[in-house]
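Remember, it's a predicted structure, so these values are computed and weren't measured experimentally.
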Amino acid sequence: MSREMDCSQLKSTEKTRTSKLLDEINETYQDIKESLQSAEPTGEKLEKTVLLLKEKAERGDSQAAFLLGQLHYEEGRYVEAELIFDDNKDEDPRALYQLAVIYYDGLGSKEDLGKAIEYMRKVAFWDSSEVGCIRYAALYNLGQAYLEGFGVEASRAEAERFWLLAADDGSPNASVKAQSSLGMFYCRPETLDLKKAFSWHSEACGNGSLESQGALGVMYLYGHGVQKDPDAALFCLKEAAERGNVYAQGHLTACYYHRKLYSRAAALGERVCGYEDISAIAQHTDCLEEYIRKGIAVAMFYYARCLQLGRGVLKNRDRAKSYFTQAARIDPEICKELQMDVVHRRI
């Protein structure tokens, strides 16, 4: 379950979560900032900040209590974070949300999917303006839970309902992840509606979604849900590829190949072929692993074609065979589609 709240207090990357949170604490509490020495090692600053926040929390400062719990969470001290969030869950929807994430992922204590869903639902329908943007994150997570059947009986209808609430008609202040997920949802065979998919990917892309920017490029490229537009496709794919979208990089490799820009196709394809840690890429780009694999398979296929025919790179049939095999192993269906596409273009 995502712990992302689309709030500044919780936005961070894997390597800088704690440092960003410490910066925010310093901005919130001038007295804490003044008590810390800039030359102090990070570990000492962290421990001193914990003590100062604890003093404020014990005096009834709810903001300090939440930040203290969040600091423990970011440092992997889940037991301490759980205790603090549990003490504040009835007054602070942020604490309740983080507690739901802890129970869902089994952090600090044993996994409790039922309690996690109960708490996430309470956040989603918290009857107060205090809940703010967290409501959209909770609604998104409930939709994801229903789609996958985690903690609840799987239901595409309920997943769609919660995501539509989370997407809030495409508002940039709502859950952009829900908007992008709706785009993917309407691309699924069992819920296929490509016009809706294009509409939601457009909303999400306009609100900054890297995932949807790559998806739009592919939709323009093949005319899925929109009229074919090679120029718009190339623009979206290049932008998304430069931002790290592997799905876009794979289809950009194909785009270069079919435009007979073989050197570009070979160079990009070779680079994508070197990707190994799909989970790390997914975490860094916030893109689905399924589509990262598809992007790698597409890039491998077209790089193999370049090697097979000596286009943009020295001919090497053995390497070509190896990459064809790897691509088929990663995503057999998309490789069948690509083989048909190549044959069709020959005719």
Side-chain angles (χ1 to χ4, degrees), residues 2 4 6 140 143-144 147-148 156 159-160 163-164 166-172 174-258 268-269 272 275 278 281-302 330-331 333-335 337-338 341:
S2 170
E4 178 62 66
D6 292 334
Y140 165 77
Q144 192 68 27
L147 183 72
E148 298 175 354
R156 289 192 293 270
E160 181 183 24
W163 279 343
L164 286 170
D168 194 26
D169 293 326
S171 169
S175 171
V176 178
K177 287 173 70 70
Q179 295 163 7
S180 186
S181 293
L182 282 167
M184 296 298 184
F185 181 80
Y186 292 123
C187 286
R188 296 164 64 96
E190 60 272 23
T191 51
L192 191 64
D193 190 328
L194 291 177
K195 288 186 177 180
K196 283 186 179 180
F198 179 80
S199 176
W200 279 112
H201 277 312
S202 296
E203 293 285 358
C205 180
N207 292 329
S209 170
L210 175 58
E211 182 105 72
S212 284
Q213 187 175 36
L216 280 179
V218 175
M219 297 185 87
Y220 277 123
L221 186 63
Y222 296 106
H224 294 161
V226 66
Q227 186 174 350
K228 279 187 179 183
D229 188 334
D231 291 335
L234 187 61
F235 176 81
C236 286
L237 290 174
K238 286 179 73 173
E239 288 282 318
E242 288 173 2
R243 293 173 63 198
N245 185 314
V246 178
Y247 186 59
Q249 291 171 1
H251 284 281
L252 184 59
T253 302
C255 199
Y256 284 151
Y257 183 91
H258 289 302
L268 180 56
V272 177
Y275 296 161
I278 292 175
I281 295 171
Q283 187 172 22
H284 179 71
T285 62
D286 201 23
C287 291
L288 295 171
E289 290 190 18
E290 173 188 357
Y291 283 86
I292 293 172
R293 283 192 289 271
K294 287 180 183 296
I296 293 174
V298 172
M300 280 186 170
F301 179 90
Y302 280 102
I330 292 171
D331 196 317
E333 291 303 315
I334 204 165
C335 286
E337 294 172 9
L338 293 174
D341 186 46

Asker: Between Glu211 (side chain only) and Leu288 (backbone N and O only), is there a donor and an acceptor less than 3.5 Å apart?
Answerer: yes
Asker: To check you understand the geometry: which heavy-atom pair defines the closest contact between Ala197 and Gly183, and what is its length?
Answerer: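 Closest approach of Ala197 to Gly183: CB-O, 3.4 Å.
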Asker: Search all heavy atoms of Ser181 against all heavy atoms of Tyr140 and return the closest pair with its distance.
Answerer: OG-CE1, 3.4 Å
Asker: What do the steps show when you test Ile330 against Met300 for side-chain contact (heavy atoms from CB on, under 4.5 Å), and what is the final call?
Answerer: CA-CA 10 Å; Ile330 292 171; Met300 280 186 170; 3.7 Å; yes
Asker: Please examine the side chains of Tyr247 and Leu210, heavy atoms only from C-beta on, and report whether any two atoms are closer than 4.5 Å.
Answerer: no
Asker: State, yes or no, whether a side-chain contact exists between Pro230 and Leu221 at a heavy-atom distance under 4.5 Å.
Answerer: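 In short, these two side chains do not touch, never coming nearer than 4.5 Å.
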Asker: Classify the angle between the aromatic ring planes of Tyr302 and Tyr257 as parallel (below 30°), tilted (30 to 60°) or perpendicular (above 60°).
Answerer: tilted
Asker: Which heavy-atom pair separates Gly214 from Leu237 by the least distance, and what is that distance?
Answerer: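 Gly214 and Leu237 have their closest heavy atoms at O-CD2, 3.9 Å.
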Asker: CG of Asp169 to CD of Glu203: how many Å apart, nearest 0.5 Å?
Answerer: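 The CD atom of Glu203 is 8.5 Å from CG of Asp169, to the nearest 0.5 Å.
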Asker: Over all heavy atoms of both residues, which pair between Met219 and Val226 is shortest? Give the atoms and the distance, please.
Answerer: O-CG1, 3.7 Å
Asker: Is there a side-chain contact (heavy atoms from CB on, under 4.5 Å) between Leu147 and Arg188 once you walk through the steps?
Answerer: CA-CA 12 Å; Leu147 183 72; Arg188 296 164 64 96; 4.2 Å; yes
Asker: If you draw a 6.0 Å radius around CZ in Phe235, do more than 12 non-hydrogen atoms from other residues or ligands fall strictly inside?
Answerer: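 Atom CZ in Phe235 is not packed in, count stays at 12 or less.
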Asker: Apply side-chain contact (heavy atoms from CB on, under 4.5 Å) to residues Ile334 and Phe301 and explain how you reach the verdict.
Answerer: CA-CA 10 Å; Ile334 204 165; Phe301 179 90; over 6 Å; no
Asker: Verify, without hydrogens or angle tests, whether Asp168 (side chain) and Ser171 (backbone) share a donor-acceptor contact under 3.5 angstrom.
Answerer: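 No; judged by distance alone, with no hydrogens or angles, the pair does not exist.
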Asker: Where the side chain of Gln213 meets the backbone of Cys205, is there a donor-acceptor pair that is under 3.5 Å apart?
Answerer: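 Such a contact is absent between Gln213 side chain and Cys205 backbone.
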Asker: Under 3.5 Å, is there a donor-acceptor pair between the side chain of Ser209 and the main chain of Val176?
Answerer: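 Absent.
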Asker: Quick check: do Leu252 and Leu234 have side-chain heavy atoms less than 4.5 Å from each other?
Answerer: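 Sidechains of Leu234 and Leu252: in contact.
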Asker: What are the two closest heavy atoms between Ser212 and Ala204, and how far apart are they?
Answerer: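 Looking at all heavy atoms of both residues, the closest pair is OG-CB, 3.3 Å.
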Asker: Using a 4.5 Å cut-off on heavy atoms from C-beta on, say whether the side chain of Lys195 contacts that of Phe198.
Answerer: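 Not touching, per the 4.5 Å side-chain cut-off.
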Asker: Got a salt bridge between Lys238 and Glu242, using NZ or NE/NH1/NH2 to carboxylate O under 4.0 Å?
Answerer: no
Asker: Supply the atom-to-atom distance Lys228 NZ to Tyr222 OH, rounded to the nearest 0.5 angstrom.
Answerer: 9.0 Å
Asker: Which value, rounded to the nearest 0.5 Å, describes the distance between Leu182 atom CG and Asp193 atom CG?
Answerer: 11.5 Å
Asker: Would you sort out whether Asp229 and Gln227 count as a side-chain contact (heavy atoms from CB on, under 4.5 Å), showing the intermediate values?
Answerer: CA-CA 6 Å; Asp229 188 334; Gln227 186 174 350; over 6 Å; no
Asker: Kindly state whether the ring of Tyr186 and the ring of His201 have centres lying under 6.0 angstrom apart.
Answerer: no
Asker: Side-chain contact test, heavy atoms from C-beta onward, threshold under 4.5 Å: evaluate it for Arg293 versus Ile296 and give yes or no.
Answerer: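 Answer no - side chains too far apart.
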Asker: Ignoring hydrogens and geometry, is there a side-chain-to-backbone donor-acceptor pair from Trp163 to Gln179 under 3.5 Å?
Answerer: no
Asker: Is any side-chain heavy atom of Asn245 closer than 4.5 Å to one of Thr285?
Answerer: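 No, their side chains stay 4.5 Å or more apart.
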Asker: Is there side-chain contact between Arg156 and Phe185, with at least one heavy-atom pair below 4.5 Å?
Answerer: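 Yes, at least one pair of side-chain atoms sits under 4.5 Å.
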Asker: Quick one: closest heavy-atom pair of Cys287 and Ile292, and the distance?
Answerer: O-CD1, 3.9 Å
